[in-house]
S.K.: 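For reference, the structure I am asking about is given below.
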Amino acid sequence: MTSSFQKRVYKRTREIPQGKIATYQSLARAIDSPHSSRAVGNALNKNPFSSVPCHRVIRSDGSVGGYARGAKSKIRILRKEGIEIDRGHVDLRKFSYTFKK
DNA sequence: CTAATGACCATTA
DNA sequence: ATAATGGCCATTA
């Protein structure tokens with residue numbers, strides 16, 4: 001089943017455009033639960049919808065973080081979408097998506 | 001109800 | 001740069 005918390009996470013994740021990324025932390029802030037970054041990761045781990053681009057969510061230090069089907073796969077997809085990854089890190093200033101309100 | 005878990009984070013050494 | 005630590009919180013056992 002998909003909880004209310006998960007719905008809030010997925011809804012916001014869907015607005016991240018191709019070529020941009022968000023962090024678990026910024027996503028947590030966007031759903032008005034600013035200290036739940038860890039729980040956000042858990043929710044994305046169980047994401048059942050192919051419509052939510054969960055690969056576009058990374059760590060706040062710029063490292064890529066985990067992925068259900070392997071971090072390698074996550075990196076490959078992000079590269080394909082235009083994200084530059086230097087030694088496992090993304091330039092947050094360059095590629096961060098800013099959530100509206 | 002409690003305890004453990006994890007795609008996290010900030011601080012410290 | 002790495003590693004350890006304590007905190008955080010939804011979910012699950």
Side-chain angles (χ1 to χ4, degrees):
Chain A
M1 66 156 279
T2 116
S3 69
S4 162
F5 179 79
Q6 288 173 335
K7 287 190 212 168
R8 270 156 53 221
V9 171
Y10 302 149
K11 182 167 190 173
R12 285 310 227 159
T13 304
R14 261 182 291 230
E15 43 177 280
I16 307 172
Q18 181 177 19
K20 290 283 179 182
I21 55 86
T23 69
Y24 296 101
Q25 187 176 60
S26 71
L27 184 50
R29 285 191 287 244
I31 61 173
D32 300 307
S33 184
H35 305 120
S36 62
S37 60
R38 195 162 190 173
V40 166
N42 286 331
L44 290 178
N45 184 29
K46 298 166 191 162
N47 162 38
F49 305 111
S50 55
S51 59
V52 6
C54 54
H55 59 277
R56 297 183 190 147
V57 186
I58 69 175
R59 290 199 189 192
S60 61
D61 64 356
S63 62
V64 175
Y67 193 59
R69 308 188 328 246
K72 309 266 308 187
S73 170
K74 186 171 181 178
I75 291 174
R76 177 159 28 79
I77 299 171
L78 287 174
R79 284 243 167 82
K80 188 160 62 176
E81 295 189 345
I83 306 293
E84 298 168 21
I85 303 175
D86 172 55
R87 287 174 234 100
H89 283 263
V90 176
D91 186 335
L92 295 177
R93 304 200 145 171
K94 226 173 179 182
F95 298 105
S96 287
Y97 168 70
T98 304
F99 289 100
K100 322 182 138 188
K101 196 149 51 166

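When reading the values below, keep in mind they use all heavy atoms of this one structure, side chains included, and skip hydrogens, waters and symmetry mates. In what follows, every chain begins at residue 1, and chains take the letters A, B, ... in the order their sequences are listed.
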S.K.: Rounded to whole angstroms, how far apart are CG on A:Asn42 and C1' on B:dG6?
M.R.: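 It is 5 Å, rounded to the nearest whole Å.
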S.K.: Could you identify which residues of residues 56-86 of chain A place a heavy atom less than 4.0 Å from some atom of DNA chain B, listed by residue number, or say none?
M.R.: A:Arg59, A:Ser60, A:Gly66, A:Tyr67, A:Ala68, A:Lys74
S.K.: Sort by first number and list every stem of DNA chain C: at least 3 consecutive Watson-Crick or G-U wobble pairs, both distances under 3.5 Å.
M.R.: B:2-6 with C:9-13, B:8-13 with C:2-7
S.K.: Should A:Ile16 and A:Ile83 be counted in the same cluster of Ile, Leu, Val, Met, Phe, Trp and Tyr side chains packed under 4.5 Å apart?
M.R.: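 As far as the 4.5 Å side-chain criterion goes, A:Ile83 and A:Ile16 are not connected within one cluster.
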S.K.: Distance check needed: B:dC9 P versus A:His35 NE2, whole Å only.
M.R.: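 Rounded to whole Å, this separation is 13 Å.
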S.K.: Using side-chain contact (heavy atoms from CB on, under 4.5 Å), reason through A:Ile58 and A:Lys74 one step at a time and then give a plain yes or no.
M.R.: CA-CA 10 Å; A:Ile58 69 175; A:Lys74 186 171 181 178; 4.3 Å; yes
S.K.: I'd like to know if A:Tyr24 and A:Phe95 are part of one continuous hydrophobic network [Ile/Leu/Val/Met/Phe/Trp/Tyr, side-chain heavy atoms within less than 4.5 Å].
M.R.: no
S.K.: Over how many whole Å does the gap from A:Lys46 atom NZ to B:dG6 atom C1' extend?
M.R.: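 Rounded to whole Å, this separation is 9 Å.
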S.K.: Rounded to the nearest 0.5 Å, what separates atom OG1 in A:Thr13 from atom CG in A:Leu27?
M.R.: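 Answer rounded to 0.5 Å: 4.5 Å.
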S.K.: In residues 1-29 of chain A, which residues come under 4.0 Å of DNA chain B by heavy atom?
M.R.: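 Result for residues 1-29 of chain A: A:Tyr24, A:Gln25, sorted by number.
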S.K.: Can you check salt bridge (Lys or Arg N to Asp or Glu O under 4.0 Å) on A:Lys100 and A:Glu15, steps first, answer last?
M.R.: CA-CA 10 Å; A:Lys100 322 182 138 188; A:Glu15 43 177 280; over 6 Å; no
S.K.: Look at the side chain of A:Lys20 and the backbone N and O of A:Lys94, then say whether any donor-acceptor pair between them is shorter than 3.5 Å.
M.R.: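 Answer holds: yes.
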S.K.: What's the spacing between A:Phe5 CZ and A:Ser33 OG if we round to 0.5 Å?
M.R.: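 Here the interatomic distance stands at 5.5 Å.
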S.K.: Between atom CG in A:Leu92 and atom P in B:dC9, what is the gap in whole Å?
M.R.: 10 Å
S.K.: Is there a path of hydrophobic side-chain contacts, each under 4.5 Å between heavy atoms, that joins A:Phe49 and A:Val40?
M.R.: yes
S.K.: Could you give the distance from CD (A:Gln25) to CZ (A:Arg38), rounded to the nearest 0.5 Å?
M.R.: 14.0 Å
S.K.: Check the distance between C:dG6's C1' and A:Arg38's CZ and give it to me in whole angstrom.
M.R.: 11 Å
S.K.: From A:Asn47 CG over to A:Ser51 OG, what is the distance, rounded to the nearest 0.5 angstrom?
M.R.: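 Separation between the atoms: 7.5 Å.
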S.K.: Just by distance, do the side chain of A:Tyr67 and the backbone of A:Cys54 share a donor-acceptor pair under 3.5 Å?
M.R.: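 No, the answer is negative, given that no donor and acceptor are paired below the 3.5 Å cut-off.
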S.K.: Please report, rounded to the nearest Å, how far the P atom of C:dT12 is from the CG atom of A:Asn45.
M.R.: 11 Å
